[in-house]
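Notes to accompany the following structure.
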Amino acid sequence: MKKRVCVAVLAGAALMAAVPVCAQEAQSEAVTEAVTEAAGDAAEEETPAVRPEYKALDYVKLGEYMNLPVEIDPIVVLEEEIRTAVINAAKATEGVEFEELTEGEVADGDIANIDYEGKKDGVAFEGGTAEGYDLTIGSGTFIAGFESGLVGAKIGETVDLNLTFPENYGSAELAGADVVFTVKVNSVKRVPELSDSLVNTLSGGLYSTVDGYMSYLTEQLRAQKEAAQESAIDEELMTQLHNTCEITDYPQDLLDYSVNSAMEYYTNVAESYDMTLEDLVSGAFGQDMEGFAAAIEEDTKASLQQELLLRAIAEQENLEVTDEIYQMGCEKYAALMGYDSIDAFKEVYTDQVIRTSLLMDLALDLVRDNALIIEKELETEAEVQPEEAVTEAVTEG
């Protein structure tokens with residue numbers, strides 16, 4: 001079984017009901033902290049009541065769920081990514097001394113200490129100014145063109161970088177905007193040239209040669225990219241299922257259960273802080289009781305969509321959680337969610353909730369195993385292998 005957990009099902013059952021999304025921004029900081037703390041206690045101490053059962057096919061009209069096409073990028077490990085990993089390891093390792101430069105030019109892989117100010121239409125924008133900031137060149141921390149624009153800049157020099165924010169940038173004011181960053185390079189720190197002795201220090205004695213350490217870093221980065229790709233495939237498949245299948249209705253018993261459970265839960269939270277439920281809802285969420293209940297029901301519907309679709313597929317395909325799958329699943333969930341034992345995990349999550357999550361896993365595995373995974377053509381020859389050329393590129397960089 002893949003290392004997947006239908007966390008929404010497990011977390012939702014533990015906390016009884018989520019804070020309504022539409023109310024989150026209205027919470028005061030003090031009350032939010034109180035609710036969050038109480039929620040954590042509830043997850044550890046309370047065993048959730050039995051959720052109403054339902055047949056998903058009564059609420060879902062299945063469309064195509066087999067042979068769904070998914071395009072993926074080839075997994076590529078780049079020189080700059082390995083270089084950044086080496087720098088990060090050096091920064092985190094006590095006793096590693098960086099070469100301090102006060103003259104010369106910035107090179108890829110350097111840690112440049114900079115002052116910068118970003119302006120849009122000649123006016124400095126919020127969050128675009130800092131002094132004494134340590135930036136690893138090539139780390140991809142800043143928007144495209146910022147770090148590469150500093151390569152070759154002289155220490156002590158001030159440069160203007162004419163850049164454009166991505167169209168999908170988080171700030172509406174800056175998304176797609178043309179800006180100018182004025183950057184002064186104060187100094188540069190450079191990682192020492194890799195040697196067997198340095199590698200031994202960086203790896204805590206696990207590796208004694210540069211080649212061995214480079215192979216390790218390459219495989220670590222590849223494994224991280226593979227895990228990210230797995231998650232991206234699952235997300236794309238769920239998006240396609242939402243597009244090809246239709247949720248015609250929601251199980252009312254489950255909606256009522258979710259609303260009632262939430263009301264009971266937040267009543268307990270309110271009482272623990274000597275508040276009435278009405279005061280908590282008004283103060284923390286800025287709503288009246290009717291609006292609060294409606295928000296919980298809408299959020300429950302939203303969180304149920306994935307469960308309904310996957311359970312409908314499981315019912316259609318006659319999938320079932322066997323005793324073996326259940327035991328393996330409990331072991332996996334307990335480990336992934338940080339529980340000391342299966343028993344500790346099962347004190348929080350009921351058998352019913354665990355089996356629901358596992359059934360969803362089985363359905364998504366089926367969809368994924370039958371998907372048409374199409375790998376795009378590699379557009380660059382920049383993939384790095386743990387060979388002599390890699391070692392030279394990183395040590396010389």
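Quick caveat, the model's predicted, so the values are computed rather than measured.
Distance alone, capped at 3.5 Å, places no donor-acceptor pair between the Glu377 side chain and the Pro74 backbone. Asp115 places a side-chain N or O within 3.5 Å of a backbone atom of Gly132 that can act as its donor or acceptor partner. The backbone N or O of Ala107 sits less than 3.5 Å from a side-chain atom of Asp110, completing a donor-acceptor pair. With Asn318 contributing its side chain and Ala314 its backbone, the two residues share no donor-acceptor pair below 3.5 Å.
For the 3.5 Å distance criterion, the side chains of Ser187 and Asn113 fail to qualify, holding no donor opposite an acceptor. Asp323 and Gln327 form no side-chain donor-acceptor contact under 3.5 Å, judged by distance and modelled atom types alone. Side-chain contact check for Gln224 and Gln220: no donor-acceptor pair (N or O, by modelled atom type) lies under 3.5 Å.
Rounded to the nearest 0.5 angstrom, Leu78 CG and Thr218 OG1 are separated by 11.0 Å. To the nearest 0.5 Å, the span separating CG on Leu364 from CG on Leu241 amounts to 7.5 Å. With rounding to the nearest 0.5 angstrom, the OG atom of Ser282 is 8.5 Å from the CE atom of Met275. Summarising the geometry, atom NZ belonging to Lys332 is positioned 12.5 Å from atom CD1 belonging to Ile342; distances are rounded to the nearest 0.5 Å. One finds the CD1 atom of Ile75 at 4.0 Å from the CD atom of Gln229 (value rounded to the nearest 0.5 Å). Rounding to the nearest 0.5 Å places OG1 of Thr136 at 4.5 Å from CD1 of Ile111.
Ion pair Arg368/Glu230 flagged as a salt bridge, since at least one NZ, NE, NH1 or NH2 atom sits closer than 4.0 Å to an Asp/Glu carboxylate oxygen. Between Glu307 and Arg51 there is a salt bridge, since a side-chain N of the basic residue sits under 4.0 Å from a carboxylate O of the acidic one.
A pairwise comparison of heavy atoms in Gly329 and Leu358 identifies CA-CD2, 3.6 Å as the closest pair. Of all non-hydrogen atoms in Ala90 and Phe98, the two that sit nearest each other are CB-CZ, 3.5 Å. The two atoms that bring Gln287 and Ala295 nearest to each other are NE2-CB, 3.9 Å, heavy atoms only. Between Ala56 and Leu308, the closest heavy-atom pair is CB-O, 3.7 Å. Contact detail for Val77 and Ile82: the closest heavy-atom pair is CG1-CG1, 3.9 Å. When every heavy atom of Leu309 is checked against every heavy atom of Cys245, the shortest pair comes out as CD2-CB, 3.6 Å.
With sequence neighbours left out, Asp73 forms a salt bridge (charged side-chain N to carboxylate O under 4.0 Å, His left out) with Lys376. Applying the salt bridge (charged side-chain N to carboxylate O under 4.0 Å, His left out) test to Lys55 and every residue at least two apart in sequence or in another chain returns nothing. Not counting sequence neighbours, Glu315 has no partner by the salt bridge (charged side-chain N to carboxylate O under 4.0 Å, His left out) test. Phe165 pairs by the ring pair (Phe, Tyr, Trp, His ring centres under 6.0 Å) definition with Phe125, Tyr169, not counting sequence neighbours. Looking at residues two or more places apart in sequence or on another chain, you find a salt bridge (charged side-chain N to carboxylate O under 4.0 Å, His left out) between Glu298 and Lys301. Residues satisfying the ring pair (Phe, Tyr, Trp, His ring centres under 6.0 Å) criterion with Tyr133, sequence neighbours excluded, are Phe142.
Taking the side chain as every heavy atom from C-beta outward, Asp134 and Lys189 approach each other to under 4.5 Å. The side-chain heavy atoms of Val259 and Thr300, taken from C-beta on, include no pair separated by under 4.5 Å. Here the side chains of Leu68 and Leu372 are not in contact, with every heavy-atom distance at 4.5 Å or above. Taking 4.5 Å as the limit, some side-chain heavy atom of Leu194 sits within range of a side-chain heavy atom of Met214. At least one side-chain heavy atom of Phe292 sits under 4.5 Å from a side-chain heavy atom of Met263. Two residues are said to be in side-chain contact when any heavy atoms from C-beta on lie closer than 4.5 Å; Met360 and Thr356 meet this criterion. No side-chain heavy atom of Glu246 sits less than 4.5 Å from a side-chain heavy atom of Val60. Side-chain contact between Ile313 and Leu62: present, with at least one pair of heavy atoms (C-beta onward) separated by less than 4.5 Å.
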(request) Verify side chain to side chain donor-acceptor pair (under 3.5 Å) between Tyr213 and Asp196, making sure each step is shown before the conclusion. (result) CA-CA 9 Å; Tyr213 186 57; Asp196 291 347; over 6 Å; no
- Message: Determine whether Tyr333 and Tyr339 satisfy the following criterion, ring pair (Phe, Tyr, Trp, His ring centres under 6.0 Å), listing intermediate values before the conclusion.
- Response: CA-CA 8 Å; Tyr333 287 171; Tyr339 287 91; over 10 Å; no
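A salt bridge (Lys or Arg N to Asp or Glu O under 4.0 Å) check over residues 265-279, counting only residues at least two apart or in different chains, returns nothing. Every pair tested for side-chain hydrogen bond (donor to acceptor under 3.5 Å, both in side chains) that includes a residue from residues 86-101 fails, sequence neighbours excluded, so the list is empty. Sorted by first and then second residue, the side-chain hydrogen bond (donor to acceptor under 3.5 Å, both in side chains) pairs involving residues 118-129 (not counting sequence neighbours) form an empty list. Sorted by first and then second residue, the salt bridge (Lys or Arg N to Asp or Glu O under 4.0 Å) pairs involving residues 141-162 (not counting sequence neighbours) are Glu105-Lys154. Every pair passing side-chain hydrogen bond (donor to acceptor under 3.5 Å, both in side chains) that includes a residue from residues 56-72 is listed here, sequence neighbours excluded: Tyr65-Glu317.
Between Leu161 and the options Thr182, Val183, Ile143, Val179, a side chain to side chain contact (heavy atoms under 4.5 Å, CB included) holds for only Val183.
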What side-chain donor-acceptor pairs closer than 3.5 Å can you find for residues 201-208, not counting sequence neighbours?
{"residue": "Thr201", "atom": "OG1", "partner": "Ser197", "partner atom": "O", "Å": "3.3"}
{"residue": "Ser203", "atom": "OG", "partner": "Val199", "partner atom": "O", "Å": "2.9"}
{"residue": "Ser203", "atom": "OG", "partner": "Leu206", "partner atom": "N", "Å": "3.3"}
{"residue": "Ser203", "atom": "OG", "partner": "Tyr207", "partner atom": "N", "Å": "2.9"}
{"residue": "Ser203", "atom": "OG", "partner": "Tyr207", "partner atom": "O", "Å": "3.3"}

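Figure legend: cation-pi geometry between Arg355 and Tyr326, with NZ or CZ positioned under 6.0 Å from the six-membered ring centre and within 45° of its axis.
By the criterion of side-chain heavy atoms lying less than 4.5 angstrom apart, applied directly or through intervening Ile, Leu, Val, Met, Phe, Trp or Tyr residues, Tyr216 is grouped together with Val86 in one hydrophobic cluster. Following chains of ILVMFWY side-chain contacts shorter than 4.5 Å, one cannot reach Ile137 starting from Val191, and the two form parts of different hydrophobic clusters. In terms of hydrophobic clustering, with Ile, Leu, Val, Met, Phe, Trp and Tyr side chains grouped at heavy-atom distances under 4.5 Å, Val106 and Leu163 are assigned to a common cluster. Under the 4.5 Å side-chain heavy-atom criterion for Ile, Leu, Val, Met, Phe, Trp and Tyr, Leu57 and Leu310 are members of the same hydrophobic cluster. Both Leu319 and Ile354 are members of a single hydrophobic cluster when ILVMFWY side chains are connected at heavy-atom separations under 4.5 Å.
More than 12 heavy-atom neighbours from other residues, nucleotides or ligands sit within 6.0 angstrom of NZ on Lys225.
Separation of the Tyr54 and Tyr257 ring centroids does not fall under the 6.0 Å cut-off.
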